Amino acid sequence: SIFSFLGIMLGVAILIIVMSVMNGFKTELTNKILGLNPHIVIQSNGFNIDDRYISKIENNFKDISISKTFSGEGIIINNNQAKGIIFKGVNNEEKKIKEFLENNIVSGDVKNFKNNNVFIGSELAFNLNLNEGDRINLMSSSFVATPLGSLPKQENFNVAGIFNTGFIEFDQNIIFLTTKDALSIFDKDTKDQDLEIYLRDPLDANLYKKKIEKFNQNY
């Protein structure tokens, strides 16, 4: 009877440990992958995402966090090295952006995140041998007319800081600019910005997507 009792006790203990480990792994994986990216993105596509529309969304969906951004693909150039990356223009005054940088920054100061300055991931900094304070050249997929023909639009920026999320793909493929700089390098207007929505539970994204689609049809 003692061995039977110990066997049951050991089996229950192992089951509890395994379930705890798997739940912790699920939470960590969700935070690493889904927590770094918006759960829902509303793109303009000719529709003007103005302050009135944002207010309507916030009033109808109380438990969400909204951010206006603009993202696009381009190339970062440094010392004859080049790499294709995603430029993500964000509002440096938004609470969520400040919290993200403050929680993941390894070099630099969030206060320096302003126009003509960028934050890059640690993997990208390692691959291109970049440090805080370095000067880089960014080339977008937009073209400008010159006497020599159409050329990709380029601008120079300072590396204001380096962040490390622990997610390699994110750290080596995304850089943060201010929204003004992102719109400028892609030759876009404020009406072209996207609306990013963050939920308390990322797994509810599909449910909220359907609700927002229905709201847009009636808007």
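Predicted model, so just to flag it, every value in this text is computed and none were measured.
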Straight-line distance of [X] [atom1] to [Y] [atom2], nearest 0.5 Å:
{"X": "Glu93", "Y": "Thr179", "atom1": "CD", "atom2": "OG1", "result": "10.5 Å"}
{"X": "Phe87", "Y": "Met139", "atom1": "CZ", "atom2": "CE", "result": "9.0 Å"}
{"X": "Ile120", "Y": "Ile136", "atom1": "CD1", "atom2": "CD1", "result": "6.0 Å"}
{"X": "Ile197", "Y": "Ser67", "atom1": "CD1", "atom2": "OG", "result": "10.5 Å"}
{"X": "Asp194", "Y": "Ile42", "atom1": "CG", "atom2": "CD1", "result": "9.5 Å"}
{"X": "Glu155", "Y": "Ile185", "atom1": "CD", "atom2": "CD1", "result": "5.0 Å"}

Suppose we screen for side chain to side chain donor-acceptor pair (under 3.5 Å). Which residues come up paired with [X], at least two apart in sequence or across chains?
{"X": "Glu169", "result": "Asn173"}
{"X": "Arg200", "result": "none"}
{"X": "Asp171", "result": "Thr165"}

For a 4.5 angstrom cut-off between non-hydrogen side-chain atoms, does [X] reach [Y]?
{"X": "Lys153", "Y": "Ser184", "value": "yes"}
{"X": "Ile175", "Y": "Leu124", "value": "yes"}
{"X": "Asn117", "Y": "Asn115", "value": "no"}
{"X": "Lys209", "Y": "Asn206", "value": "yes"}
{"X": "Lys214", "Y": "Lys210", "value": "no"}
{"X": "Phe186", "Y": "Asp192", "value": "no"}
{"X": "Lys68", "Y": "Ile54", "value": "yes"}
{"X": "Leu138", "Y": "Gln154", "value": "no"}

Step-by-step side chain to side chain donor-acceptor pair (under 3.5 Å) determination, Glu132 to Ser107: CA-CA 7 Å; Glu132 177 194 351; Ser107 175; 2.9 Å; yes

Please walk me through it: do Leu195 and Ile66 pass side chain to side chain contact (heavy atoms under 4.5 Å, CB included)? CA-CA 7 Å; Leu195 205 61; Ile66 295 179; 3.4 Å; yes

Give the minimum heavy-atom separation between [X] and [Y], together with the two atoms involved.
{"X": "Phe215", "Y": "Lys56", "value": "CZ-CB, 3.6 Å"}
{"X": "Ser140", "Y": "Pro152", "value": "O-CB, 3.8 Å"}
{"X": "Ser142", "Y": "Asp187", "value": "OG-N, 4.4 Å"}
{"X": "Ile86", "Y": "Ser71", "value": "CG2-CB, 4.4 Å"}
{"X": "Lys114", "Y": "Asp181", "value": "O-OD2, 4.2 Å"}

Taking the side chain from [X] and the backbone from [Y], do they hold a donor-acceptor pair closer than 3.5 Å?
{"X": "Asn158", "Y": "Ala160", "result": "no"}
{"X": "Asn78", "Y": "Leu128", "result": "yes"}
{"X": "Asn103", "Y": "Glu99", "result": "yes"}
{"X": "Asn104", "Y": "Leu101", "result": "no"}

Only residue of Phe157, Phe163, Phe100, Phe119 satisfying ring-ring contact (aromatic ring centres under 6.0 Å, His included) with Phe113 is Phe119

Heavy-atom neighbours of [X] [atom1] exceed 12 at 6.0 Å:
{"X": "Leu207", "atom1": "CG", "result": "yes"}
{"X": "Lys180", "atom1": "NZ", "result": "no"}
{"X": "Gln81", "atom1": "CD", "result": "yes"}

Quick one, Glu196 with Lys88, criterion salt bridge (charged side-chain N to carboxylate O under 4.0 Å, His left out). Give me CA distance, side-chain angles, the key distance, then yes/no. CA-CA 12 Å; Glu196 294 187 348; Lys88 188 175 179 67; 2.5 Å; yes

Consider side chain to side chain contact (heavy atoms under 4.5 Å, CB included). Of Thr178, Thr69, Asn91, Val90, which one does Ile97 pass it with?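 When side chain to side chain contact (heavy atoms under 4.5 Å, CB included) is applied between Ile97 and each of Thr178, Thr69, Asn91, Val90, only Val90 qualifies.
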
Measure up the Phe61 and Tyr208 rings against each other and bin them: parallel (under 30°), tilted (30 to 60°), perpendicular (over 60°).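 Judged by the thresholds at 30° and 60°, the geometry between Phe61 and Tyr208 is tilted.
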
Specify whether His39 and Tyr198 have parallel, tilted or perpendicular ring planes, treating 30° as the upper limit for parallel and 60° as the lower limit for perpendicular.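 If you compare the ring of His39 with that of Tyr198, the planes turn out perpendicular.
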
Should Asn156 and Asn137 be marked as a side chain to side chain donor-acceptor pair (under 3.5 Å) after you check the CA-CA gap, both sets of side-chain angles, and the distance that decides it? CA-CA 4 Å; Asn156 293 320; Asn137 180 266; 2.9 Å; yes

Joint cluster assignment, [X] & [Y], ILVMFWY side-chain distance < 4.5 Å:
{"X": "Phe176", "Y": "Phe70", "answer": "no"}
{"X": "Val106", "Y": "Leu130", "answer": "yes"}
{"X": "Val159", "Y": "Ile76", "answer": "yes"}

Test Tyr53 against Asn216 for side chain to side chain contact (heavy atoms under 4.5 Å, CB included), laying out the working first. CA-CA 9 Å; Tyr53 174 77; Asn216 288 342; 2.6 Å; yes

Would you check, one step at a time, whether the test side chain to side chain contact (heavy atoms under 4.5 Å, CB included) holds for Lys83 with Ile75? CA-CA 5 Å; Lys83 186 181 187 307; Ile75 298 174; 6.0 Å; no

Can a salt bridge be assigned to the pair Lys111 and Glu102 using a cut-off of 4.0 Å between side-chain N and carboxylate O? no

